[in-house]
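Presented below is the structure to which this report refers.
Just so you know, these numbers use all the heavy atoms, side chains as well, and skip hydrogens, waters and symmetry mates.
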Amino acid sequence: MPQIIFLPHEEICPEGAVIEAEPGTTICDAALEHGIEIEHACEKSCACTTCHVIVREGFDSLNEASDTEEDLLDKAWGLEPESRLSCQAEVGDEDLVVEIPKYTINQVSENH
């Protein structure tokens, strides 16, 4: 089963984390199942960018981004070529290294 290695994030995951995820599971769902509280203000409906992550390793093993996701990513803080919305990026068969950006465009963080 592929692993997702989350790099340290001072608020969400200070120590970093290594979790396992079934292929086909989104990065967001896998994180939430393991207590990593990635923001997801639109309830994972691909309508915001609060779950933006940067996939440092394993990017090419993910499913292809939709046009809607690509359009939304243009609004994400700290956009990079390996950026994805974690609610849309499905784990493939390779391990991933994921960075959660320091900021989102969300004005108010919601507690899910």
Side-chain angles (χ1 to χ4, degrees):
M1 191 177 319
Q3 290 186 329
I4 304 175
I5 301 161
F6 286 93
L7 299 175
H9 180 283
E10 67 182 53
E11 293 174 14
I12 297 172
C13 190
E15 306 287 319
V18 178
I19 65 172
E20 289 189 345
E22 289 282 341
T25 305
T26 66
I27 293 172
C28 187
D29 283 340
L32 294 170
E33 288 171 14
H34 289 86
I36 301 168
E37 295 295 323
I38 290 180
E39 283 191 64
H40 51 287
C42 71
E43 296 301 322
K44 303 180 279 185
S45 65
C46 196
C48 73
T49 64
T50 60
C51 72
H52 167 231
V53 295
I54 302 163
V55 182
R56 296 291 181 199
E57 292 180 24
F59 182 84
D60 291 335
S61 70
L62 300 171
N63 62 315
E64 192 171 322
S66 68
D67 290 341
T68 303
E69 179 183 357
E70 292 283 353
D71 290 344
L72 281 170
L73 278 169
D74 288 341
K75 301 173 186 173
W77 184 89
L79 182 67
E80 294 195 17
E82 295 82 23
S83 289
R84 289 295 302 268
L85 297 182
S86 66
C87 72
Q88 302 298 303
E90 295 175 358
V91 176
D93 56 1
E94 292 181 25
D95 292 347
L96 304 173
V97 175
V98 174
E99 179 181 346
I100 302 168
K102 186 173 182 175
Y103 301 107
T104 71
I105 62 168
N106 200 6
Q107 298 275 329
V108 178
S109 183
E110 300 171 17
N111 207 3
H112 292 278

[X] and [Y]: same hydrophobic cluster, using ILVMFWY side-chain contacts below 4.5 Å?
| X | Y | answer |
| --- | --- | --- |
| M1 | I4 | no |
| I54 | W77 | no |
| I100 | I5 | no |
| V53 | L96 | yes |
| I19 | L32 | no |

Atom of [X], atom of [Y] and distance for their closest heavy-atom approach:
| X | Y | result |
| --- | --- | --- |
| D93 | S61 | OD1-CB, 4.4 Å |
| C46 | C87 | N-SG, 4.0 Å |
| F6 | A31 | CZ-CB, 3.7 Å |
| V91 | E22 | CB-O, 4.0 Å |
| G92 | P2 | O-CG, 3.2 Å |
| A17 | I36 | CB-CD1, 3.8 Å |

What I'd like to find out is whether the side chain of [X] reaches to under 4.5 Å of the side chain of [Y], using heavy atoms alone.
| X | Y | answer |
| --- | --- | --- |
| L62 | I27 | yes |
| C48 | L72 | no |
| T49 | L73 | no |
| V97 | V55 | no |
| C13 | P8 | no |

> Run the side chain to side chain donor-acceptor pair (under 3.5 Å) check on H52 and S83 step by step: do they pass?
Replying inline: CA-CA 7 Å; H52 167 231; S83 289; 2.8 Å; yes

> In a check of side chain to side chain donor-acceptor pair (under 3.5 Å) between D29 and each of H34, H40, K44, which one passes?
Replying inline: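 For D29, the side chain to side chain donor-acceptor pair (under 3.5 Å) check succeeds only for K44.
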
>> Is it the case that atom CG in D74 sees more than 12 heavy atoms from other parts of the structure closer than 6.0 Å?
In response: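 More than 12 heavy atoms, drawn from other residues, nucleotides or ligands, come within 6.0 Å of this atom.
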
So, taking the atom named [atom1] in [X] and the one named [atom2] in [Y], what distance separates them when rounded to the nearest 0.5 Å?
| X | Y | atom1 | atom2 | value |
| --- | --- | --- | --- | --- |
| E80 | F59 | CD | CZ | 11.0 Å |
| C51 | E43 | SG | CD | 11.0 Å |
| E20 | Q3 | CD | CD | 5.5 Å |

> Does E69 reach the main-chain N or O of Q88 with its side chain, forming a donor-acceptor pair under 3.5 Å?
Replying inline: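 Side chain of E69 to backbone of Q88, a donor-acceptor pair under 3.5 Å: no, none is there.
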
> When you measure from the side chain of H9 to the backbone N and O of G16, does any donor-acceptor pair fall under 3.5 Å?
Replying inline: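 No; zero donor-acceptor contacts below 3.5 Å.
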
>> For a salt bridge (Lys or Arg N to Asp or Glu O under 4.0 Å) check, start with the C-alpha distance between R84 and E90, then their side-chain angles and the critical distance, and finish with the verdict.
In response: CA-CA 10 Å; R84 289 295 302 268; E90 295 175 358; over 6 Å; no

